[in-house]
A.B. asks: 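Structure in structure tokens, see below.
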Amino acid sequence: MSKPPRQLKGRAARLAALLPAGPGRAARMPFVLLVVVLLGGGLITLLLLNSALNEGSFKLSKDQKQITELTDEEQALQRDVDGRSAPGALEKRARELGMVPGGGPAFLSPDGKVLGKAAESTALPAPPPSPAAPKPSATPSAPDATPSGSAPAVPSASAGTTAAPTPTSGR
């Protein structure tokens, strides 16, 4: 049946005394449990990390969509500002408000002398809007506003100065 264990001598006997005497199967169970727990923990950690990355990806795409919408809105507003600040649009709006182009300008030299002769505007103000047309909301409604379209005259050069007149451009 089974043979009796053989007796070790010398060096082998000393080494055998260092080893445990029982079977080695009992020591494998904790190692297997450790490996299973480490693998399960790693998989759960990987799942959580993947979920966090997906959530960040969704937030990023939502933010990029919002940036695109805001950029489009900014461009539309910039086009509106550019259209309203064009010279033709500014002139039309100024005429609607009763403004007229200015006359010939006079200039001051660095030493305080007046160069040129200021001239009043010769253009007539635009006719008042028809009652059927809606009034613009930016019109000033102060009771002391002057209805005339001409600007007050600029005082001419003092009597003692000799100023060379500059040619005025006719508009």
Side-chain angles (χ1 to χ4, degrees), residues 32-171:
V32 170
L33 284 175
L34 177 68
V35 169
V36 168
V37 167
L38 287 176
L39 286 175
L43 287 175
I44 290 173
T45 304
L46 186 62
L47 178 66
L48 291 175
L49 182 63
N50 193 15
S51 297
L53 287 175
N54 282 339
E55 181 181 343
S57 175
F58 286 131
K59 185 178 183 312
L60 178 66
S61 67
K62 185 182 95 173
D63 289 347
Q64 285 177 340
K65 182 179 178 183
Q66 184 180 11
I67 286 172
T68 302
E69 291 172 359
L70 290 174
T71 301
D72 291 345
E73 183 180 349
E74 178 191 17
Q75 288 174 351
L77 291 172
Q78 187 62 46
R79 279 192 304 271
D80 188 34
V81 167
D82 290 344
R84 291 177 189 244
S85 63
L90 287 175
E91 180 185 8
K92 178 182 175 192
R93 181 73 179 133
R95 287 199 184 272
E96 288 174 358
L97 293 173
M99 300 172 78
V100 294
F107 299 98
L108 289 176
S109 65
D111 61 353
K113 293 182 181 180
V114 178
L115 303 175
K117 182 178 179 187
E120 285 191 28
S121 173
T122 57
L124 296 174
S130 64
K135 283 189 166 185
S137 62
T139 308
S141 59
D144 59 337
T146 58
S148 67
S150 62
V154 176
S156 59
S158 62
T161 57
T162 56
T166 57
T168 59
S169 62
R171 290 185 191 178

A.B. asks: How long is the straight-line distance from CG of L43 back to CG of L48, given to the nearest 0.5 Å?
C.D. replies: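 Reported to 0.5 Å precision, the distance equals 11.0 Å.
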A.B. asks: Which value, rounded to the nearest 0.5 Å, describes the distance between Q66 atom CD and L70 atom CG?
C.D. replies: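 Nearest 0.5 Å value for the CD-CG distance: 5.5 Å.
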A.B. asks: Before giving the answer on salt bridge (charged side-chain N to carboxylate O under 4.0 Å, His left out), spell out for E91 and R95 the whole-Å C-alpha distance, their side-chain angles and the decisive distance to 0.1 Å.
C.D. replies: CA-CA 6 Å; E91 180 185 8; R95 287 199 184 272; 3.6 Å; yes
A.B. asks: Tell me whether the count of non-hydrogen atoms from other residues, nucleotides or ligands lying under 6.0 Å of CD in E55 goes above 12.
C.D. replies: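 Check fails, neighbour count at 12 or below.
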A.B. asks: Return the minimal non-hydrogen interatomic distance between A106 and A118, and the atom names on each side.
C.D. replies: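 Where A106 meets A118 most closely, the heavy atoms are CB-N, 3.8 Å.
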A.B. asks: Which distance, rounded to the nearest 0.5 Å, do you find between the CG of L77 and the CG of D72?
C.D. replies: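 If I round to the nearest 0.5 Å, the distance is 11.0 Å.
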A.B. asks: Would you give the length of the straight line joining atom CD of E74 to atom CZ of R79, rounded to the nearest 0.5 angstrom?
C.D. replies: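 Atom-to-atom, E74:CD and R79:CZ are 11.0 Å apart.
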A.B. asks: Provide the closest heavy-atom pair for G83 versus A89 in the form atom of the first, atom of the second, distance.
C.D. replies: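 Scanning both residues, the minimum pair turns out to be O-CB, 3.3 Å.
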A.B. asks: Donor-acceptor pair, distance only, cut-off 3.5 Å: does the side chain of T68 make one with the backbone of Q64?
C.D. replies: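 Side chain of T68 to backbone of Q64: a pair is present.
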A.B. asks: Is the shortest heavy-atom distance from the side chain of E96 to the side chain of K92 under 4.5 Å?
C.D. replies: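 Yes, at least one pair of side-chain atoms sits under 4.5 Å.
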A.B. asks: Would you indicate whether the side-chain heavy atoms of L39 and V35 approach each other to under 4.5 Å?
C.D. replies: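 Heavy-atom side-chain distance check passes, below 4.5 Å.
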A.B. asks: Taking the side chain as every heavy atom from C-beta outward, state whether L115 and L108 have any atom pair closer than 4.5 Å.
C.D. replies: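 Heavy-atom side-chain distance check fails, nothing below 4.5 Å.
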